[in-house]
Protein chains: 2
Amino acid sequence: MFLCVRLLLFLNKLSMMKRTTIKDLAQYLSLSTSTISRALLNDKNIHADTKNRVIEAAQKLGYKPNVTALNLKYGKTKSIGFVVPEMTTPFSSKVLQGVHNILYPLGYKVIILQSDEDPLRERENLLLLESFNVDGIIINLCHETHNQEIYQEIIQRGTPLVFFDRIPQNTLDVSKVLVDDHIKASLMIEHLISCGRTKIVHLMGPSTVRNSVERAGGYQRILTKHNLYDAQLMVKTNGVGFDDGRIAAKKLLDNKVQFDSIFAFTDTLAIGAMNYLQEQGIKVPEEIAIASFSGTEFSVNVYPQLTSVEQPLTKMGESAATLLIEKIKDDSSPSRTIILDAKLVYRASTLGKAL
Amino acid sequence: MFLCVRLLLFLNKLSMMKRTTIKDLAQYLSLSTSTISRALLNDKNIHADTKNRVIEAAQKLGYKPNVTALNLKYGKTKSIGFVVPEMTTPFSSKVLQGVHNILYPLGYKVIILQSDEDPLRERENLLLLESFNVDGIIINLCHETHNQEIYQEIIQRGTPLVFFDRIPQNTLDVSKVLVDDHIKASLMIEHLISCGRTKIVHLMGPSTVRNSVERAGGYQRILTKHNLYDAQLMVKTNGVGFDDGRIAAKKLLDNKVQFDSIFAFTDTLAIGAMNYLQEQGIKVPEEIAIASFSGTEFSVNVYPQLTSVEQPLTKMGESAATLLIEKIKDDSSPSRTIILDAKLVYRASTLGKAL
DNA sequence: TGATACTCTGGGAACGTTCCCAAGATATTG
DNA sequence: CAATATCTTGGGAACGTTCCCAGAGTATCA
């Protein structure tokens, strides 16, 4: 009864303050902060009874450790940055999910920034994250060479950087995770050819990023091998959004380019093009077959469903997070490159027979 | 020259350490930390020369303030949580963009958590954010009543909560931002009727959230007014994903329900249903017209383009962030509700003439 | 019995900053 | 010239925590 009144008085006093700290517990139990800390950290140098009393009191007073104090003490923020060209398509979201899978259980927070496919914006994002003192950064970049020195500087100043999907030039010694773009693109072109297509358009991504060049390389290699390569069918787009695909398709039709299929750098490009073609009354896949390179659920949520190279996006995020943790734990650990396997999934957009 | 050597020696010494602090500057310039602090904070009680020397040295040694120390001092983490049912459709991304617009310039970090439409997960997310000591939380909930007490408790323990889109019951005194679901749904039904549709299906969202009920209410009111209401056309779905729309459409066809149009709770439901119908050879909009309630770019990136109630999603995020800042600044400030205007945009999915 | 080992607890520095207080130096005033 | 105001700086506490060091008390040993 006496104890109860004492608790109430104490709680009342506390309610004025923001939050129960270790000092409050120390005062309440007439112990030192050292002892409280030991009790809460399961230190062996403490009497079992004392420990129980502390734990009970912590429960009663609603004690929660102050992570900021811990972070200051250990010189970490337990937060990491995630920088992507955009977050409005499921691509980045899927990767993010993988990142979360690894990092949240470890107590890390993830701070997301979008570069809007703008290298300047990307640069600002990186500097902002640095000013936030993040412990590391996972990034999908939007231009291969533009911010090269910034990456270098940031790493040198002590913030590890891990790249995924679009990676920087090889001169930079960093951990990264990617898929074998060249081979998978090649296989997809073989598939289109095996479906009887001969005039295959490639909607190529920005030539400032490696994947784009790799996939275009696979496309070109196979078509050349089959004597089907036609430079006019290689279409450069400005970006990788729905609109860019739409615009590219319109340009092809306007220029009366003859083609019977499209292989697009991303699912957004593919869908944008497909929508435009359908709006013009063109049948997919009968007149034009369409294939993409992606891994999001978009491919099965359009009509007709899209044949595509399905990248293991969540796995990609998990791998990137794992590589980052390696670097955070020991910044002199060697950089690693993880190459993930992507699989080709054939769906209605290429499987209907050609006219 | 002498100074230069001195700098190099100092830099060399620093390179062993993690980071330049105010103390390093103090030592380097033979000043006190107080003076350094004053110089860096533009305090007026400092000699202009001293200030310049400090700023110059800070530049040279690459000084960056330690935010964690600041956070500890001021009892804030300068971070807020963003809890959403999912992040893989552009809905949440769009809102997030608005949140970023307001919060990043103010130096806040945003931590995103997905509840996967699971109230238990949502609860865990909230507690996790609380353990991160976030200064506030913006949330789109996934079940109206399930976590009611948790919201209450979290607010009581001092973390302000702001709701958007799906909001909790009125018994909770909180800030929130929403659109007028009932009226906009009503207007959309009027539109379908004016297009000559009489058998309008409603793919209703989960009945555990307010919007869902509101939109269904608008649907029912207008149809009743026109003597067109038919309970069999009100379809409850399990979730709001593409699949749920697909399943609902399949069920309607399997049960040979007669209908000439669909009004869906979200664009994902609408698109899922539309894809299934098209796969079954049904023409949209000629045989079935489709309308949705959303605000993402999905509506213009499908074929045919979707008529929909376009919510100002980015604005929604900005409003929520603004309301949250109010609460963070002064937790006794009165709760506010912001009701945003959504506009109806008519597109091909309803505009083609009915057969 | 005296020396030694073990158990448990308290004191206080440290993480990086801000900011209050005090104080020395200089300028201003009557 | 003494008194006072102004400018500029340094000292040190505080934010919440961990952890090293020291020391009091008790148990163990020869």
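Source: prediction; values computed, not measured. A, B, ... follow the sequence lines: proteins, then strands. Residue 1 opens every chain.
As a whole-Å value, the separation of N66(B) CG from dA14(C) P is 17 Å. Counting to the nearest Å, the P atom of dA14(D) and the NZ atom of K76(B) are 22 Å from each other. The interatomic distance linking D43(A) (CG) with dT18(D) (P) rounds to 11 Å, in whole Å. Atom OH of Y63(A) is separated from atom P of dG16(D) by 10 Å (rounded to the nearest Å). One can place CD1 of I36(B) at 12 Å from C1' of dG10(D), the figure rounded to the nearest angstrom. Counting to the nearest Å, the P atom of dT18(C) and the NZ atom of K78(B) are 14 Å from each other. L29(A) has its CG atom 17 Å from the P atom of dC8(C), to the nearest Å. Here the C1' atom of nucleotide dT17(D) and the CG atom of L25(A) are 12 Å apart, to the nearest Å.
You'll find that the side chain of N45(B) is closest to dT9(D), out of dT9(D), dG11(C), dT17(D). Proximity note for H47(A) (side chain, C-beta onward) versus dT18(D), dT9(C), dT9(D): the nearest is dT9(C). When distances run from any side-chain atom of S32(B) to the nucleotides dT9(C), dG10(D), dT17(C), the shortest one goes to dG10(D). Taking only side-chain atoms of I22(A), from C-beta outward, the nucleotide of dT18(D), dG16(C), dT18(C) with the closest atom is dT18(D). Of the candidate nucleotides dT17(C), dC20(C), dC15(C), dT17(C) has the atom nearest to the side chain of K73(B).
To the nearest 0.5 Å, atom CG of residue L129(A) and atom CD1 of residue I137(A) are 4.5 Å apart. Atoms CG and CZ, from L178(A) and R166(A) in turn, are 13.5 Å apart once rounded to the nearest 0.5 Å.
Nucleic acid contact for K51(B): none, since no nucleic acid atom lies under 4.0 Å from a heavy atom of the residue. Note on T68(A): nothing from the nucleic acid sits closer than 4.0 angstrom, heavy atoms only. Within the nucleic acid shown, I46(A) comes within 4.0 Å of sugar-phosphate atoms alone, with no base atom in reach, counting heavy atoms only. L70(A) comes within contact range of the sugar-phosphate backbone alone, with a heavy-atom separation under 4.0 Å but no base atom that close.
On a pure distance criterion of 3.5 Å, a polar donor-acceptor pair joins the side chain of S34(B) and the base of dG11(D). A donor-acceptor contact under 3.5 Å is formed by the side chain of R38(A) with the base of dG10(C).
Contact check, T21(B) against dG16(C): no side-chain N or O comes under 4.0 Å of OP1 or OP2. Distances shown here put a side-chain N or O of K23(A) below 4.0 Å from the OP1 or OP2 atom of dC15(D). Checking the phosphate oxygens (OP1, OP2) of dG16(D), no side-chain nitrogen or oxygen of Y74(A) falls inside 4.0 Å. The side chain of T35(B) contributes no N or O atom lying less than 4.0 Å from OP1 or OP2 of dT8(D). At dT18(C), one or more side-chain N or O atoms of S37(B) fall inside 4.0 Å of OP1 or OP2 (strictly under the cut-off).
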Q. What do the steps show when you test E130(B) against R19(A) for salt bridge (charged side-chain N to carboxylate O under 4.0 Å, His left out), and what is the final call?
A. CA-CA 12 Å; E130(B) 220 188 355; R19(A) 204 185 163 103; over 6 Å; no
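Ring geometry for F163(A) against Y151(A) counts as perpendicular: the plane angle is over 60°, on a 0 to 90° scale with 30° as the lower cut.
Remark: of the listed residues P168(B), P85(B), S115(B), P168(B) is the sole one forming a side chain to side chain contact (heavy atoms under 4.5 Å, CB included) with L141(B). Considering L128(A), D118(A), I150(A) in turn, I150(A) is the only one that fulfils the side chain to side chain contact (heavy atoms under 4.5 Å, CB included) rule with R123(A).
Toward the 5' end of DNA chain D, the nearer of the two residues T33(B) and L72(B), judged by each one's closest nucleotide, is T33(B).
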